[in-house]
Amino acid sequence: MELTADLAIGVFDSGVGGLTVLDELLARLPAEDFLYFGDTAWFPYGEKGDDQLRARAEEISRWLLGQGVKLIVIACNTATAAAAEHLQRVLEVPVIGVMTPEAHAAVLTTRNRRVGLLATEATVRSGSYARMVRAHDAGVELVSVPCPLLAPAIQSGDPFDERIMEMVREYTAPLREAGVDTVILGCTHYPMVERLLRRSLPGVTLITSGEELAREVHDSLRRRDLLRATGTEGDYRFACSGDPAAFRELGSRFLQMPLGVVEQVLGGAPERAVG
Ligand code: DGL
C-alpha cells in the first residue's frame, strides 16, 4: 500500500483515555484527518494478558489500515507495552506508542533522580518504563505504583468525588514517601484527574505523553514527506467497540468538542482473559 499525505492518522486506546493524546495531536496537526478508535467493549486493558492485547491491537490496527491511515498512534500505555514492537514488525505503516517520550522527558526533568510511575497493572508488570528510564540514565530510581481502580473510575463517567480523591491519595502515598520529584502519568486516562494528582503530589512535576508524542508524530510525517499542507482544517471521526452513545457522551465531555456520529465496529467482549 502506498502511503500518501492525504490519508488519515489512526489513533486507538481501550476507551476515552487516548483522547488526552488526540487533544494534543489536533492542536499540533490541525490540517490532518484523524480516526480514533476506543475499544470500550474490551475495557479495561490493564487487567488483560499480553498475548490477548497483542492480538487485539493487531486486529484494531488492521481495521484502521482498511479505513486508510498513514500512521498509527497507540494512545494507550498498556497496549504500547504489550504490542508496540509486534505492530511495528507486522504493519507496513509507522507505529508510534506513548511510553518512550515520557520516559525520556522524566529523566531530563528529575533533579534528585527519583522518578515515580503511576500506571495500570499490566504496564507496571511489563517493566517497560523501568527499562526505558534505565536506557536513558541507569542512575535514576523508578518507583512504580500499579493503580488498578483509577482508569475504570475515570472511564465510568461518574463525578470526581471524595471517593476518587481518596483513591488518588492512596495511590500517590508511596511516591510521597519515596520523595520523588517527578512522576510519569503512565496511563492516558490519568491526565483527566491531573488536578487531583497535583493536590496529592505538591511540588512534583507530572509528565504526560500527549505533547511529546504529538511532536514525534509531526516529525515522523515531515521526514517521510507525509504531512498535509497547512492552511486547511482536517476532519476527525470516532468509532468504538461498545455502546456508541455512551462513548459519544463521555468523549465529548472529556475532549470538550463535539464527537459527531460514533460508529460501532469490532464489537463483542473478549471471550476469556488469557495471558
Ligand atoms: N488508557 C490505558 C493506558 O494508557 C489503559 C486503561 C485500561 O484500559 O486499563 O494504559
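None of these values were measured; they are calculated from a predicted model. Note that ligands are numbered from 1 as they come in the structure, with each ligand's atoms numbered from 1 the same way.
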Using a strict cut-off of less than 4.0 Å between a Lys/Arg side-chain nitrogen and an Asp/Glu carboxylate oxygen, indicate whether [X] and [Y] qualify as a salt bridge.
| X | Y | value |
| --- | --- | --- |
| Asp181 | Arg113 | no |
| Glu166 | Arg169 | yes |
| Arg215 | Asp219 | no |
| Arg253 | Glu249 | yes |

Suppose we measure from [atom] to each protein heavy atom; which comes out shortest, and what is that distance?
| atom | answer |
| --- | --- |
| atom 2 (C) of ligand 1 | Cys76 SG, 3.3 Å |
| atom 10 (O) of ligand 1 | Thr78 OG1, 2.6 Å |
| atom 7 (C) of ligand 1 | Tyr45 N, 3.3 Å |
| atom 1 (N) of ligand 1 | His189 ND1, 2.7 Å |

Go through ligand 1 atom by atom and flag the ones less than 4.0 Å from a non-hydrogen atom of [X].
| X | answer |
| --- | --- |
| Gly46 | 7 (C), 8 (O), 9 (O) |
| Phe43 | 6 (C), 7 (C), 8 (O) |
| Ala151 | 6 (C) |

[X] and ligand 1 - part of the residue with a heavy-atom distance under 4.0 Å:
| X | value |
| --- | --- |
| Cys187 | both |
| Ser14 | side chain |
| Asp13 | side chain |

Query - Pair Thr20, Thr188: side-chain N/O donor-acceptor within cut-off below 3.5 Å - result: no
Query raised in the report: When you measure from atom 3 (C) of ligand 1 to each heavy atom in Asn77, Thr80, Thr20, which option holds the nearest one?
Result: Asn77
Report task. Answer with yes or no after comparing the ring centroid distance for His189 and Phe43 against a 6.0 Å cut-off, counting only values under it. Result -> yes
Requested in this report: Sort out for me which residue in Leu64, Val69, Val217, Ile72 forms a side chain to side chain contact (heavy atoms under 4.5 Å, CB included) with Ile9.
Outcome: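 Among Leu64, Val69, Val217, Ile72, the one meeting side chain to side chain contact (heavy atoms under 4.5 Å, CB included) with Ile9 is Val217.
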Query raised in the report: Would you say the side-chain atoms of Ser126 pair up with the backbone N or O of Thr123, donor to acceptor, closer than 3.5 Å?
Result: yes
